[in-house]
Amino acid sequence: MALAPEHREARASRMLHPSPDRTSPTVSTPDFVGRDREMAALRDALARPPAIVLIEGEAGIGKSRLLREWLAAPDQRTALVSVCPPLRESLTLGPIVDAFRGIDRPVSRSGLTDLAGALRPLFPEWSSDLPPALPPLDDAKAARHRLFRALDELLRALHVDVLVLEDAHWADEVTLEFLLFLTSRQQSDGPSLVISYRPEEVHAGSLLLRLTSRLPAGVTQLRIALAPLPPADTAALMSSMLDRNPISQEFTTFMHERTGGVPLALEESVRLMCDRADLVFRNGQWVRLKLRELQVPPTVRDSTRERVSRLSPTAQQVLRAAATLADRSSVATIAATAGLSPDACRAAIAEAADAGVLDADDRGQWRFRHVLAATAVYEAIPMTDRRHVHLLAGRALESIHPLPVARLARHFREAGETQSWARYAEQSAELAMASGDHTKAVDLLVDLLSSGELPPTDRARVARIAGVAALGRREPVDEVYHRVIRTLRAALQTPGLSARQQAEIRNPLGRLLITVGEAQAALTELEQAVANLDHDPVEAARAMTYLGWAYAGPWPASTHRRWLDRAAELTAEFDSPAERLNLAGNRAAALLMLGEEEAWDVIADLPIDGETSAERLDVARIHANVGTGALIWGRYAEAEKHLTVAMRLAEAEQASRLRYNVQLEQANLAWLTGRWEGLAERSTALADADRDRPAHYLGSIRLAARLAAAAGRRRAAEEQFRLVLEESARLGAADDTMEAAAALARLWLTDGNSSRALQVTDEPMDTVRRKGIWVWATDLVPARIEAHLAAGDLTAATRLADQFARGLRGRTAPAPRAALTACHALLLTAAGDHARAASAYDRAARAWSALPRPYDAMLARERQAEALIAHGQIEQGRQLLAAQYEHLFRLGARGDADRVAQRLREHGAEVPRLWRGGRRGYGDQLSPRELDVVQLVVAGKTNREISRILAKSPATVDQQLRAAMRKLKVTSRTALAVKAVEAGVFAEEDSLDAPS
């Protein structure tokens, strides 16, 4: 930073001019170097409030120094500053509370409203000045929102201009939610935000990444990314520390290479070299002694340890205590942790502060100047001593009120004091769940279960709470879920657990297994749990409802129905409307999966919103499940309505896992109803969104396989459908095997391999018969019947069609019924009754169209055309075939369109020349867009590379490539390239100016 003239003169007058070969230079605090542009940008942004400034950079890069320099400016407005501590379990809202505790005037003078009574738990020291406490709220999210409003009111009442939060990568989720809340309410009189963080420690799903998105109009935004200092600034920083004399080029290069230009590493390394007398002033500049080679570290770890070792034993003892405490702490707390008297501790702190290792805030709270230095000191503590230091830290912190339970849990954990660790871990987990941070609660409790030696009763209780906390998470399936499942399974092996305790663990375990896709294992756990949940009828009913879902297991529909009826009997006794809604809604969705008509009566009365966050999530889940069931039935308008409700609520509640579920079902609906545009990209995005959850991932692969099969990409479709079938069977998700098996059967029937088609449908067909749930068989039964007919077994095909008809009796399921009509048409075709077969295919096509399910309607019309031709109505059949060619082409089913085109040629008909509606056609000439694709094929590019180069979807590239091959009458990419070059088609490019 450039100095004003008077400052330059003052510093020059104090400069010491060392004599030749002088060692032991006077070491000063480094100047603020190399950040003029960033400082100007920061000042400019904050001069246009409200503003949000993000300062990012690695550890030691100078984020805190930039903020300190800005805060020290004479024109600085009112600012509250806080630093997020590097706790393994960060304290909920702790940084925000610490910021407010830094105010220097009584809160009673600020004119707060009654809303500020919500602040009493956070600021017990202000109890005499705050309004009376507000009545508690049952809904944790509502309570949090009220607290946020109260904190915002306090900010405005204190006329805070800027709220500064350092090291936000360590902030808890609730603190980040409060910052997002502030940004959503920023107005001309609202505070600006300045937030610093290390980008490498911000995980992909962090709320921190959303702070600059969707901001209200008029908010100034600035992102400052601090980079390492270049060599020139490296030299300037070192010179400012070493009497302002020049630094040799060799020394500068050495330091820049070893430290990477990180200011903290530079500063600490210079101090260490001075302590060791490794520097000498020679020929007017500072140089490094050659005789004593110093391995300057890229971080401050080694330099910090060596500097600390030069302090007195008492100061080192204090530093070990401060490093163990990690957060800012009072002299009394540090003294108790170090095992020193307050006077001795105070003197040692002064020594460490003089050495530039510790610093204090305006409340007399001490900590290391740099976290890296604290880490270096902590790691140097012998393992045999760490337990004792942590024990002393825990006991010291027990005298603080309110108790810092997260910190206490950490210290007693490291001290090996399991009883105290468990007590504080449970309290911290309860606070985390109350604030909506279920992941933090899970981490605390799973850590306790995995590492602590708990008595069986305590272990059972903690395991149950951990399972419940995990069920409350809204994140996609990740390692956290799998770790909880492993931990609960291990907890079940604890000797001495009662049947009731085991049931209370198996209940959440079973539901978590459903979440991660282990359907059969889930039913096993839930069935064992139900037998011993009599003491908790709500949980018993919930477990029974899950057992009523027919997605897995060998049970027939009647068994699942009995579980649902038992749950309904219990539900009738519940007083809670929320519990009744939850169980009734889940029952309705389960009945849909069973193909029970009565489900629709319950569904008609479902609410579309809830009063609390928990109710809204329940309503969203119920509507999502109903939407899935409606897809199976073929009631697509109903499906769209319920999925829309589910998506609205899932987005409002930021329930990402549920949102991904709904997005997948909406993509399935788009496929079924013929809205294929962009589906390939959606399937890829969905696969990447929740890859750790098998059911979701396989659902996205199934969508991609459908598109591949329709496009004629046979190999890809077969591989993807096989993956879906095998993995769904392995996971016990019986309903997910149906479509994949049917699709594979249809692919193999095109090869004339009826035995293989029958084999792949054997197990899914047995499942349908065993369970008696025929609404699942929409795709399976027609494929199975066609395989029987191809094998010459008309009797088996007829028997299966009759079973299908009986299974659908009394059920208004449009999709299975349309499939049944198609089955009858197949039987008539096999019997040679082509006239009646054509009529049956016509009825099937009309039934499919009414859903609407246009792709299946087109395929039925194709078969109708073949029946008409076989019956002698050749011209009518040709016209119908030509129409289906056009429809399939426009839909994007290019593989099917090619098949129909071949059939048209076989029947002596012309294949229509098609182009995209609303755009000019080119006949047998290549369009400009097709020319672009062909040119890249000639250059040897793959379809994926062409897609990236031309910024087109893979489906579009494939379509344009096929069109070019058709126009040039070739069947391979190689032949296309040769024919294009030989024909000189690129010479036509300039004359064709309209888009394809």
Side-chain angles (χ1 to χ4, degrees), residues 474 476-477 514-515 517 549 551 581-582 584-595 599-610 615-687 689-690 693 695-704 706-707 733 735-736 739 775-776 778 812-816 850-855:
R474 305 181 184 188
V477 170
I514 293 171
T515 298
W549 283 84
Y551 46 77
L581 168 64
N582 173 277
N586 287 334
R587 169 185 166 83
L591 288 172
L592 276 189
M593 290 292 292
L594 291 172
W600 295 104
D601 295 332
V602 179
I603 290 167
D605 296 327
L606 286 178
I608 61 172
D609 210 335
E615 286 182 19
R616 285 189 289 274
L617 275 176
D618 266 345
V619 171
R621 292 189 190 101
I622 291 166
H623 280 281
N625 289 332
V626 170
T628 300
L631 288 179
I632 294 171
W633 281 58
R635 296 176 66 156
Y636 300 141
E638 291 274 348
E640 184 155 26
K641 180 181 71 174
H642 292 289
L643 292 174
T644 299
V645 172
M647 179 58 76
R648 172 177 57 81
L649 295 174
E651 288 181 338
E653 294 301 317
Q654 300 177 5
S656 56
R657 187 177 74 245
L658 179 57
R659 187 170 67 246
Y660 293 145
N661 283 352
V662 179
Q663 286 174 345
L664 178 59
E665 296 298 17
Q666 288 177 326
N668 287 332
L669 178 62
W671 158 265
L672 291 167
T673 55
R675 295 172 289 174
W676 292 8
E677 186 68 29
L679 266 186
E681 292 80 2
R682 287 170 71 179
S683 70
T684 301
L686 286 166
D690 204 357
R693 185 152 50 110
H696 181 92
Y697 178 68
L698 293 175
S700 64
I701 296 300
R702 180 181 59 192
L703 181 59
R706 293 166 176 163
L707 292 165
D735 54 326
D736 288 334
E739 182 188 348
V775 293
W776 291 3
T778 298
T812 57
L851 296 182
R853 192 159 159 171
Y855 180 48

Measuring from atom [atom1] of [X] to atom [atom2] of [Y], what distance do you get when rounded to the nearest 0.5 angstrom?
| X | Y | atom1 | atom2 | result |
| --- | --- | --- | --- | --- |
| N661 | T628 | CG | OG1 | 7.5 Å |
| L686 | L664 | CG | CG | 5.5 Å |
| L658 | H623 | CG | NE2 | 11.5 Å |
| E665 | L703 | CD | CG | 10.5 Å |
| E653 | E615 | CD | CD | 11.0 Å |

Who are the side-chain contact (heavy atoms from CB on, under 4.5 Å) partners of [X], not counting sequence neighbours?
| X | result |
| --- | --- |
| A588 | V602, I603 |
| R648 | I608, D609, V645 |
| A584 | none |
| I632 | M593, V775, W776 |

Are [X] and [Y] packed together at the side-chain level, in the sense that at least one heavy-atom pair is separated by less than 4.5 angstrom?
| X | Y | value |
| --- | --- | --- |
| E640 | T673 | no |
| R657 | H696 | no |
| N668 | R706 | yes |
| I514 | W549 | no |
| N586 | I622 | yes |
| L643 | M647 | no |
| L669 | L631 | yes |
| R635 | T812 | yes |

Contacts of Y855 that satisfy ring-ring contact (aromatic ring centres under 6.0 Å, His included) - sequence neighbours left out = W671, W676
request  = Sequence neighbours left out, what passes ring-ring contact (aromatic ring centres under 6.0 Å, His included) with W633? Give chain and number order.
outcome  = W600
What closest approach, in Å, do [X] and [Y] show between heavy atoms, and which atom pair accounts for it?
| X | Y | answer |
| --- | --- | --- |
| R853 | A815 | NH1-CB, 3.9 Å |
| S683 | A704 | OG-CB, 3.9 Å |
| A667 | L679 | O-CD2, 3.8 Å |
| A655 | L617 | CB-CD2, 3.6 Å |
| A650 | A620 | N-CB, 4.2 Å |
| L851 | G634 | CD2-O, 3.4 Å |

request  = Any chance you could lay out the side-chain contact (heavy atoms from CB on, under 4.5 Å) test for Q666 and R682, step after step, and finish with the verdict?
outcome  = CA-CA 10 Å; Q666 288 177 326; R682 287 170 71 179; 4.1 Å; yes
